[in-house]
Amino acid sequence: MPRIGDTVLRLASVDSTNNYAAKGVAEGRFGHGTVILALEQTQGRGQWNREWLTAPGLDLAMSVVLLPEKLPAMAQFALAKAAALAVHGVVAELLANAGKNAAEVRIKWPNDILVDRSKVAGILIENELQGSWVASSVVGIGLNVDSRGMESGMAATSLRQETGRAMGLDPVLNKLCSTLETWWQKVAVEDETISTAYAGHLWAKGRFADFSLDGKEHRARPLDVDAVGRLIVEEEDGTVRAYGMERLRFKR
Ligand code: BTN
């Protein structure tokens with residue numbers, strides 16, 4: 001099986017690398033591990049139908065095509081965890097190399113990557129299911145590299161801001177591909193390792209945080225994530241519940 005990043009397609013400009021990747025997958029043009037990288041996205045998409053802004057040529061906008069051989073649809077959140085862990089790992093390593101505190105890099109459920117309270121990367125995963133299996137997955141990653149951080153509506157940062165060093169896109173891309181490959185190899189094989197690592201880096205774990213639940217303000221304490229990706233929280237009255245992303249969101 002090819003490794004992630006063996007094939008990298010570089011585009012000067014595209015609407016969204018996720019759209020481009022999904023179209024290529026549907027037409028059978030892209031093999032497993034193909035990476036689509038765009039210097040500019042004109043309609044970059046984030047979660048919850050938000051727009052995703054990147055500074056052309058300065059930030060990483062890429063999508064990775066995964067064609068799992070046997071990944072049950074029920075286990076698809078393992079993929080989201082693996083992607084978050086890969087981005088987390090790269091950001092933490094680059095911060096540590098610059099003498100910064102890598103412990104400040106956290107995964108905000110479901111898969112935002114934060115340094116302290118500022119977002120440095122976001123992930124948008126779009127899976128195609130066939131029956132009860134994941135036929136293909138497009139893992140879209142937006143990572144603020146050399147810009148000032150472009151996420152709208154929330155504090156944003158970039159690798160350059162955090163480390164004080166210009167990075168360049170290619171070294172970060174290469175590191176991301178190899179780290180993603182390492183975590184991808186564990187999906188459906190080492191679920192425990194993935195879950196433990198993900199829970200270990202969870203933002204706001206063990207402290208009360210502000211959410212919206214069904215559109216209403218809610219305070220709860222994140223504890224862990226269950227197998228289908230719901231956030232397990234302790235309520236203010238001490239009860240423990242699990243909520244999916246369609247109901248519960250962190251307040252920005
Ligand atoms: C989020 O945090 O809301 C997810 C952001 C995901 C952005 C990336 S950039 C590359 C890929 N193409 C897109 O249109 N979106 C993802």
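In each ligand, atom 1 is the first atom listed, and ligand 1 is the first ligand listed.
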Using a 4.0 Å cut-off to any heavy atom of [X], which atoms of ligand 1 qualify?
X      : result
Gly46  : 1 (C), 3 (O), 4 (C), 5 (C)
Asp112 : 2 (O)
Met62  : 10 (C), 11 (C)
Thr17  : 10 (C), 11 (C), 12 (N)
Gly44  : 14 (O)
Arg45  : 5 (C), 6 (C), 7 (C), 13 (C), 14 (O), 15 (N), 16 (C)

Exercise. Checking salt bridge (Lys or Arg N to Asp or Glu O under 4.0 Å) for the pair Asp170/Arg10: CA distance, chi angles, key distance, verdict?
Worked result: CA-CA 11 Å; Asp170 273 356; Arg10 291 161 187 273; 3.1 Å; yes
Exercise. Among Tyr243, Trp48, Trp203, whose ring-ring contact (aromatic ring centres under 6.0 Å, His included) with Phe250 holds?
Worked result: Trp203
Problem set entry | Residue portion contacting ligand 1 (non-hydrogen atoms closer than 4.0 Å) for Ile141 |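 Backbone only; the side chain of Ile141 stays clear of ligand 1.
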Exercise. What part of Asn19 sits under 4.0 Å from ligand 1 if we count only heavy atoms: the side chain, the backbone, both or neither?
Worked result: neither
Exercise. Can you tell me how far the CD1 atom of Ile4 sits from the SG atom of Cys177, to the nearest 0.5 Å?
Worked result: 7.5 Å
For this session: Answer yes or no: is there an ion pair linking Glu93 with Lys175, defined by an N-O contact shorter than 4.0 Å?
Result: yes
Exercise. Should the ring pair Trp184 and His32 be called parallel, tilted or perpendicular, given that the plane angle runs from 0 to 90° and is split at 30 and 60?
Worked result: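 Geometry flag for His32 against Trp184: tilted rings.
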Exercise. Between the candidates Gln47, Gln41, Arg50, which shows the shortest non-hydrogen contact distance to atom 3 (O) of ligand 1?
Worked result: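 It is Gln47 whose heavy atom sits nearest to atom 3 (O) of ligand 1.
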Problem set entry | Heavy-atom proximity to atom 2 (O) of ligand 1, best of Lys119, Gln43, Glu126, Lys108 |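 Among Lys119, Gln43, Glu126, Lys108, the closest heavy atom to atom 2 (O) of ligand 1 belongs to Lys119.
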For this session: Spell out, as yes or no, whether a donor-acceptor pair under 3.5 Å connects the side chain of Gln41 to the backbone of Thr17.
Result: yes
Exercise. Is there a chain of hydrophobic side chains (I, L, V, M, F, W, Y, each step under 4.5 Å between heavy atoms) that links Leu213 to Leu231?
Worked result: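 Yes: a chain of side-chain contacts under 4.5 Å links Leu213 to Leu231.
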